[in-house]
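The structure displayed is predicted, hence computed values, not measured ones.
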Amino acid sequence: IIGCILVIIVFLAIDLQNPGFTISFDSKGGTDVPAHNQMYGEHLEVPEPPTREGYAFTGWYVDHACFDPWDVENDIIEADMTLYAGWEKNE
């Protein structure tokens, strides 16, 4: 039982020392979206979408040009990253 307790303590110590990966959000002219930390293998904790006058938010993208959308249902966190806001001009 002492061995089990030591293993648990080691895992807790490692977990407390690992802040996870930093997920940054570039709103590309929209309201500020603060960065947050998440652990490897987690699904993105989707923040409140930014707003931008005259535009509709179309989602978060992996690339600055907004061609490759982040799939909230299937993509997982694997490293520090920046996601970019996609915008469509209102008519």
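Residues Y84 and W60 place their aromatic rings such that the two centres sit no closer than 6.0 Å. Annotation: Y61 is not in aromatic contact with W70 [ring centroid separation under 6.0 Å not met].
Under the 3.5 Å distance criterion, the side-chain polar atoms of D80 are matched with a main-chain donor or acceptor of T22. At distances below 3.5 Å, at least one donor-acceptor pair connects side-chain atoms of Q38 with backbone N or O atoms of H43. The backbone N or O of S27 lies less than 3.5 Å from no partner atom in the side chain of R52, so there is not a single donor-acceptor pair.
Within the model, atoms OG1 of T31 and CZ of F25 stand 12.5 Å from one another, a figure rounded to the nearest 0.5 Å. L83 CG to I23 CD1: the interatomic distance, rounded to the nearest 0.5 Å, is 7.0 Å. How far CG of D75 is from CE of M81: 7.5 Å, rounded to the nearest 0.5 Å.
Contact detail for E45 and H36: the closest heavy-atom pair is O-CE1, 3.3 Å. When all heavy atoms are compared, the tightest approach of W87 to P50 is CH2-O, 3.5 Å. In this structure, C66 and K28 approach most closely via the heavy-atom pair SG-NZ, 3.4 Å.
Side-chain contact between D26 and H64: present, with at least one pair of heavy atoms (C-beta onward) separated by less than 4.5 Å.
By the rule that hydrophobic residues join a cluster once side-chain heavy atoms approach within less than 4.5 Å of another member, M39 and I76 end up as members of separate clusters.
For Y40, the side chain to side chain contact (heavy atoms under 4.5 Å, CB included) criterion is met by F21, E78, not counting sequence neighbours. Evaluation of the side chain to side chain contact (heavy atoms under 4.5 Å, CB included) rule for D32 yields no partner, not counting sequence neighbours.
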